[in-house]
Amino acid sequence: MNNHELWQRYQEWLYYNQELDLYLDISRMGFDSKLVASLEARFTQAFKDMADLEAGAIANPDEKRQVGHYWLRDADLAPAHLKKEILSNLEQIEAFTEKVHNGTIHPHEAPKFTDVLSVGIGGSALGPQFVADALAPDFPPLAIHFIDNTDPAGMDRILNRLENRLSSTLVIVTSKSGATPETRNGMLEVKHAYERQGLHFPSHAVAITVPGSKMDELERAEDWLAEFVMFDWVGGRTSEMSAVGLLSAALLGIKIREMLAGAKAMDIATRLPQIKGNPAALLTLAWYYSGEGKGKKDMVVLPYKDSLLLFSRYLQQLVMESLGKEKDLDGHIVHQGIAVYGNKGSTDQHAYVQQLREGIPNFFATFIEVLEDRLGESIEVEPMATSGDFLSGLLLGTREALYENQRDSITVTITQVNPRTVGALIALYERAVGLYASLVNINAYHQPGVEAGKKAAASVLELQRKVLESLQKAAQPLTLTDLAQKAQASEQIETVYKIVRHLAANNRGVTLEGDRSHPANLSVSLSNV
């Protein structure tokens with residue numbers, strides 16, 4: 001296309017939301033009118049599916065659950081018996097936050113809490129991390145820290161940084177069941193750190209969980225400081241607008257009602273049952289075109305704003321956990337999904353944009369543009385050019401350079417990063433994921449692959465117990481083959497080897513003797529044998 005034709009295409013497909021001051025441009029995606037026409041009937045069904053979901057249909061058939069994250073920002077849409085719960089939970093978050101900020105709720109050892117330590121994983125961490133990084137003021141009422149893995153060194157790093165302020169740190173433990181190993185381990189490690197300092201952990205601890213869960217039972221038994229409800233009908237990756245995300249955001253001084261308002265406004269915009277005029281449908285169309293409805297190309301997310309650095313990480317879970325499915329709703333093997341990665345502009349000008357422009361064309365780019373450079377005036381770093389002008393120029397230049405080499409891109413533009421626009425961005429991608437899933441006939445709201453991974457990890461830990469028991473019973477060093485046989489794992493010698501190698505490296509009483517380059521010849525024993 002020549003420049004005039006591109007300008008016309010840009011105007012034809014440009015979406016603008018006046019209330020949110022948000023633009024969406026899919027003109028640099030190479031779809032044509034034939035594709036749009038061929039998808040009309042499927043989009044009609046997708047719009048109906050989303051309307052049914054919001055009306056309370058069982059949208060997650062595997063788990064026989066409703067999917068109600070849209071109700072969190074508009075409780076009037078929720079079933080009558082849930083509306084009061086949603087509003088009450090929000091009011092409880094705000095009341096608790098105000099008491100923490102003014103010192104009414106405070107630790108025994110200090111007049112106020114100074115820090116928040118959030119313990120969670122997946123959706124219980126990625127959303128709160130993204131929002132904290134995007135929206136927290138430079139000098140928040142409390143500083144926030146995250147434990148989002150079961151890595152001992154990672155936990156030590158956070159706890160060592162907090163050592164002198166642990167007595168004034170509020171701990172939020174988020175787990176729907178209370179049985180998620182990574183979160184449980186993090187909680188136990190943090191609890192141990194408190195006990196080492198002679199501090200009373202329950203008087204610093206807050207739970208976010210489902211009533212009746214193991215976490216709920218523990219909180220009640222130990223009499224923690226507070227508990228907030230995690231609704232069973234909200235999935236982890238869509239939980240940012242629940243207590244999971246709102247509590248930590250409120251404690252940081254972020255205007256959570258504005259986040260909810262932004263999400264609600266986007267929800268209204270994305271209910272429009274037509275492709276043009278509905279930004280989520282436009283995103284879905286672009287995703288479908290690029291990957292031929294089979295996720296054949298990756299989504300590279302490039303936010304040109306430091307505060308949006310973690311948006312790509314947040315979208316990784318939202319998109320990949322929702323759309324990465326082996327089977328469709330009819331049970332057919334389809335291997336669906338869209339891979340997501342990204343960092344930020346213009347950092348990526350000096351990293352992987354080289355490959356994006358000239359390497360394998362296995363992606364489409366999503367630029368996130370923020371029009372406002374900063375609060376206040378900017379100096380000119382060159383005649384008639386500020387640092388922000390350079391950032392804008394780099395975005396526009398990269399977009400043009402990619403298009404020149406037949407690389408597709410989408411551009412989402414907001415005027416400012418604020419609670420309202422961040423809420424809108426979250427809602428936009430939540431709806432696009434739902435529409436796309438309906439378009440390709442998959443369940444966006446379950447995660448059997450994640451559950452399979454958890455079961456596999458549990459089986460490895462069970463094997464480790466058998467290995468240690470076998471070593472304890474043995475009166476002499478064992479070969480790996482003998483050890484695997486005694487542990488009833490003759491077909492899992494490699495796993496047995498990796499278990500004992502890890503135990504030996506961590507001074508767990510296991511000794512390996514022999515040539516490490518030939519593991520089959522090693523002998524294994526307990527150091528007390």
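Heavy atoms only: backbone and side chains are in, while hydrogens, waters and symmetry mates are out.
- In this structure, I86 and N89 have side chains that are not in contact, with every pair of non-hydrogen atoms separated by 4.5 Å or more.
- Looking only at distances, no side-chain donor or acceptor of S290 sits under 3.5 Å from a matching main-chain atom of A286.
- A donor-acceptor contact under 3.5 angstrom links the side chains of T421 and N418, judged on distance only.
- Of the possible donor and acceptor atoms, none in the side chain of K344 sits under 3.5 Å from a partner among the backbone N and O of L308.
- For the pair D373/L391, no side-chain contact is recorded, criterion being any heavy-atom separation below 4.5 Å from C-beta on.
- Judged by distance alone, the side chain of S242 and the main-chain N or O of V244 form a donor-acceptor pair under 3.5 Å.
- Rounded to the nearest 0.5 Å, atoms CG (L24) and OG1 (T411) are 8.5 Å apart.
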Inset, instruction - Apply salt bridge (charged side-chain N to carboxylate O under 4.0 Å, His left out) to the pair R420 and D21, showing each step before the final yes or no. - result: CA-CA 10 Å; R420 195 174 181 85; D21 204 11; over 6 Å; no

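- In this structure a side-chain-to-backbone donor-acceptor pair under 3.5 Å is present from S312 to G342.
- Counting heavy atoms from C-beta outward, K112 and V100 have side chains that stay 4.5 Å or more apart.
- Pairs of residues two or more places apart, or lying in two chains, never qualify as ring pair (Phe, Tyr, Trp, His ring centres under 6.0 Å) while including a residue from residues 376-421.
- The side-chain heavy atoms of L142 and T114, taken from C-beta on, include no pair separated by under 4.5 Å.
- Aromatic ring pairs are classed by plane angle as parallel below 30°, tilted from 30° to 60° and perpendicular above 60°; the pair F113 and H204 is perpendicular.
- With Q316 contributing its side chain and V340 its backbone, the two residues share a donor-acceptor pair below 3.5 Å.
- The backbone N or O of M266 lies less than 3.5 Å from a partner atom in the side chain of T270, making a donor-acceptor pair.
- Judged purely by distance below 3.5 Å, without hydrogens or angles, the side chains of N17 and Y23 never pair a donor atom with an acceptor atom.
- The main-chain N or O of S27 is found under 3.5 Å from a side-chain atom of R9 such that the two form a donor-acceptor pair.
- Looking at residues two or more places apart in sequence or on another chain, you find a ring-ring contact (aromatic ring centres under 6.0 Å, His included) between W13 and F31.
- Counted by atom type alone, Y288 and R42 present one or more donor-acceptor pairs between their side chains at under 3.5 Å.
- S239 places no side-chain N or O within donor-acceptor distance of the main-chain N or O of V234, the cut-off being under 3.5 Å.
- Annotation for F47 and L272: closest pair CE2-O, 3.7 Å, computed over non-hydrogen atoms.
- Counting heavy atoms of neighbouring residues, nucleotides and ligands inside a 6.0 Å radius, atom CD of E404 exceeds 12 of them.
- Other residues, nucleotides and ligands contribute over 12 non-hydrogen atoms within 6.0 Å of the CZ atom of R407.
- In this pair, Y10 and W7 present their aromatic rings parallel. The plane angle is below 30°, not in the 30 to 60° band.
- When every heavy atom of A280 is checked against every heavy atom of N278, the shortest pair comes out as N-OD1, 3.0 Å.
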Show, in sequence, the C-alpha distance, side-chain angles and deciding distance for R357 and E400, and conclude whether the salt bridge (charged side-chain N to carboxylate O under 4.0 Å, His left out) test is met. CA-CA 10 Å; R357 188 176 190 277; E400 180 63 25; over 6 Å; no

Requested in this report: Evaluate the side-chain hydrogen bond (donor to acceptor under 3.5 Å, both in side chains) criterion for residues S392 and D389: first the C-alpha distance (whole Å), next the side-chain angles of each, then the deciding distance (0.1 Å), finally the verdict.
Outcome: CA-CA 5 Å; S392 178; D389 295 336; over 6 Å; no

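- Within a 6.0 Å radius of NZ in K84, no more than 12 heavy atoms belonging to other residues, nucleotides or ligands are found.
- Looking at R65, K176, Q66 one by one, the single match for side-chain hydrogen bond (donor to acceptor under 3.5 Å, both in side chains) with D232 turns out to be R65.
- Residues T183 and S175 bring no donor and acceptor atom of their side chains to less than 3.5 Å of each other.
- To the nearest 0.5 angstrom, I121 atom CD1 is 9.0 Å from L126 atom CG.
- With sequence neighbours excluded, the residues forming a ring-ring contact (aromatic ring centres under 6.0 Å, His included) with Y429 are F311, listed by chain and number.
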(Q) Could you walk me through whether D408 and R28 satisfy the salt bridge (charged side-chain N to carboxylate O under 4.0 Å, His left out) test, starting with their C-alpha distance in whole Å, then the side-chain angles of each, then the deciding distance to 0.1 Å, before giving a yes or no? (A) CA-CA 6 Å; D408 290 325; R28 267 43 174 190; over 6 Å; no

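- Legend: side-chain hydrogen bond (donor to acceptor under 3.5 Å, both in side chains) pairs involving residues 254-265, not counting sequence neighbours, sorted by first then second residue: E94-R257.
- Tested against Y304, the residues T398, T413, I368 include a single side-chain contact (heavy atoms from CB on, under 4.5 Å) partner, T398.
- The main-chain N or O of L310 is never found under 3.5 Å from a side-chain atom of D133 such that the two would form a donor-acceptor pair.
- E12 and Q8 share no side-chain donor-acceptor pair at under 3.5 Å.
- Counting heavy atoms from C-beta outward, F231 and L82 have side chains that stay 4.5 Å or more apart.
- A salt bridge between R73 and E240 is absent, with no side-chain N of the basic residue lying under 4.0 Å from a carboxylate O of the acidic one.
- In this structure, L282 and I275 have side chains that are in contact, with non-hydrogen atoms separated by less than 4.5 Å.
- Using bins of under 30°, 30° to 60° and over 60° for the plane-to-plane angle, the ring pair F228/F96 lands in the perpendicular bin.
- Residues passing the side-chain contact (heavy atoms from CB on, under 4.5 Å) test with R161 are R157, I158, sequence neighbours excluded.
- Within the 4.5 Å cutoff, the side chain of M187 has heavy atoms near those of the M215 side chain.
- More than 12 heavy atoms of other residues, nucleotides or ligands sit less than 6.0 Å from atom CG of N2.
- Remark: Y352 engages Y341 in a ring-ring contact (aromatic ring centres under 6.0 Å, His included) (not counting sequence neighbours).
- The shortest non-hydrogen separation linking I256 to A250 is CG2-N, 3.7 Å.
- Although no hydrogens or angles enter the test, the distance criterion places a donor-acceptor pair under 3.5 Å between the side chain of N60 and the main chain of Y445.
- The shortest non-hydrogen separation linking W71 to E54 is NE1-O, 2.8 Å.
- Atom CD1 in I26 sits 7.0 Å away from atom CD1 in I410 (nearest 0.5 Å).
- Side-chain polar atoms of E98 and N102 form no donor-acceptor pair below 3.5 angstrom.
- L318 is not listed as a side-chain neighbour of E321, based on a closest heavy-atom distance of 4.5 Å or more.
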Would T284 and Y289 count as a side-chain contact (heavy atoms from CB on, under 4.5 Å) here? Give the steps. CA-CA 9 Å; T284 301; Y289 157 75; over 6 Å; no

ask   = Could you walk me through whether K305 and E369 pass the salt bridge (charged side-chain N to carboxylate O under 4.0 Å, His left out) check?
value = CA-CA 7 Å; K305 207 67 174 177; E369 178 184 26; over 6 Å; no

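- Considering all non-hydrogen atoms of both residues, S118 and S124 come closest at OG-O, 4.5 Å.
- Pairing each heavy atom of T386 with each of V381, the nearest pair is C-CG2, 3.8 Å.
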